[in-house]
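Data first, discussion second: the structure below is written as structure tokens.
Order of appearance sets the numbers: ligands from 1, and atoms from 1 within every ligand.
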Amino acid sequence: MRSRDAAARTPIIAGNWKMHKTYAEAVSLTQGIIDRLPKDATRRADVVLCPPFTALRGVSNAIAFDHARIKVGAQDCSAEPEGAYTGQVSVAMIADLDAAYAIVGHSERRGLLGETSADVAAKARALCAAGLTPIVCVGESREVYEAGDTIDFVVDEVAASLAGVCADADAAGLCVAYEPIWAIGTGLVPSPEHAQRVAAAIRAQVGATCGAQVAERARVLYGGSVKPGNVAAFMAQQDVDGALVGGASLDADTFVRLVLSALGE
Ligand code: PGA
């Protein structure tokens, strides 16, 4: 049973489309989700679609056209407001395309592109200052997990990735996604009890870094091989308020089944 605090936090299911879907494919996937998702679901949960930058406008237009309550997020942003940063996209640019969220610090960016927790914190600060909600990703490698060092590792990563975000985090609404690197795209998942222990430790660290009020309201997501068949067990955990979904968000039927299952239907 979720506690009163947990019940006060709106569940969130975010689809991370990664580098999938052209503009036309993204619009068609969005339309498929809108057509299948009962209106009631988006009153009970924040459903967030995170397409590539190139499809943000198409996705947000499709949602607006249908007056759907689905929300839009980017998969990254620059920490800089503007300037000579070839290839980068600013917070103002994604906000202009109706993105209300942005994923920052995904392990694919940390691992493949060398993004540091300091970089992630700067992006989270820029998002919060503009009133957008960051979904800050953290998570351990298989080696760290097997050594039993997950909580120490993740707590340090949260502290470093949230440095200085406190001031605006409450208004913007902070999300932290716990994504064990070894669970992403592999079909492997930790036990829901493990996810709960880590989520509780994340919330405690958010409290230490950003204060009790931000921690109480912050939503902690689990990510890594989330499917329609396993999402309910993660969502049943007291400190798990949502899911960040990769592969299973790329098909309208599967994603809608996942959202409904997350809501206990
Ligand atoms: P997955 O990806 O659901 O395909 O494991 C999750 C993520 O990387 O956000």
Side-chain angles (χ1 to χ4, degrees), residues 11-21 25-26 29 33 45-53 55-56 59 70-77 94 99 101-115 117 120 123-124 127 133-142 144-145 150 153-154 157-158 161 174-192 194-195 198-199 202 219-235 237 240-262:
I12 172 170
I13 309 295
N16 174 12
W17 295 1
K18 307 194 180 186
M19 199 173 73
H20 294 286
K21 308 293 176 188
E25 290 165 351
L29 173 54
I33 292 169
D46 287 335
V47 177
V48 186
L49 307 182
C50 303
F53 291 128
L56 280 170
V59 169
I70 297 170
K71 301 190 170 128
V72 179
Q75 297 174 18
D76 182 42
C77 65
I94 62 169
Y101 290 79
I103 298 168
V104 287
H106 191 281
S107 60
E108 287 152 15
R109 298 192 60 84
R110 292 179 188 263
L112 299 171
L113 302 169
E115 206 166 276
S117 290
V120 176
K123 294 176 181 197
L127 286 161
T133 301
I135 303 176
V136 177
C137 300
V138 295
E140 83 287 7
S141 65
R142 168 166 283 288
V144 170
Y145 175 75
T150 296
F153 179 89
V154 167
E157 209 175 27
V158 169
S161 303
L174 176 67
C175 292
V176 179
Y178 167 51
E179 297 207 305
I181 296 167
W182 52 271
I184 294 177
T186 58
L188 302 172
V189 287
S191 69
H194 168 91
V198 181
I202 288 173
R219 289 177 291 175
V220 180
L221 290 71
Y222 167 75
S225 296
V226 176
K227 306 282 179 246
N230 63 20
V231 69
F234 289 106
M235 295 297 291
Q237 306 301 314
V240 177
D241 307 302
L244 182 54
V245 186
S249 71
L250 294 172
D251 173 77
D253 251 341
T254 308
F255 185 63
V256 169
R257 275 195 291 123
L258 191 155
V259 171
L260 294 178
S261 166

Give the intermediate values and the outcome of side-chain hydrogen bond (donor to acceptor under 3.5 Å, both in side chains) for residues Tyr222 and His194. CA-CA 11 Å; Tyr222 167 75; His194 168 91; over 6 Å; no
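Each salt bridge (charged side-chain N to carboxylate O under 4.0 Å, His left out) pair with one or both residues in residues 244-253, not counting sequence neighbours, appears once here: Arg36-Asp253.
The residues lining ligand 1, counting any heavy atom closer than 4.0 Å, are Asn16, Lys18, His106, Glu179, Ala183, Ile184, Gly185, Gly224, Ser225, Leu244, Val245, Gly246, Gly247.
Trp182 meets the ring pair (Phe, Tyr, Trp, His ring centres under 6.0 Å) test with Tyr145; sequence neighbours excluded. Remark: Ala102 pairs with Ala74, Ile94, Leu127 by the side chain to side chain contact (heavy atoms under 4.5 Å, CB included) rule, at least two apart or across chains.
Inter-residue side-chain proximity for Ser117 and Arg110 is flagged as met; some heavy-atom pair is nearer than 4.5 Å.
Judged purely by distance below 3.5 Å, without hydrogens or angles, the side chains of Glu179 and His106 pair a donor atom with an acceptor atom.
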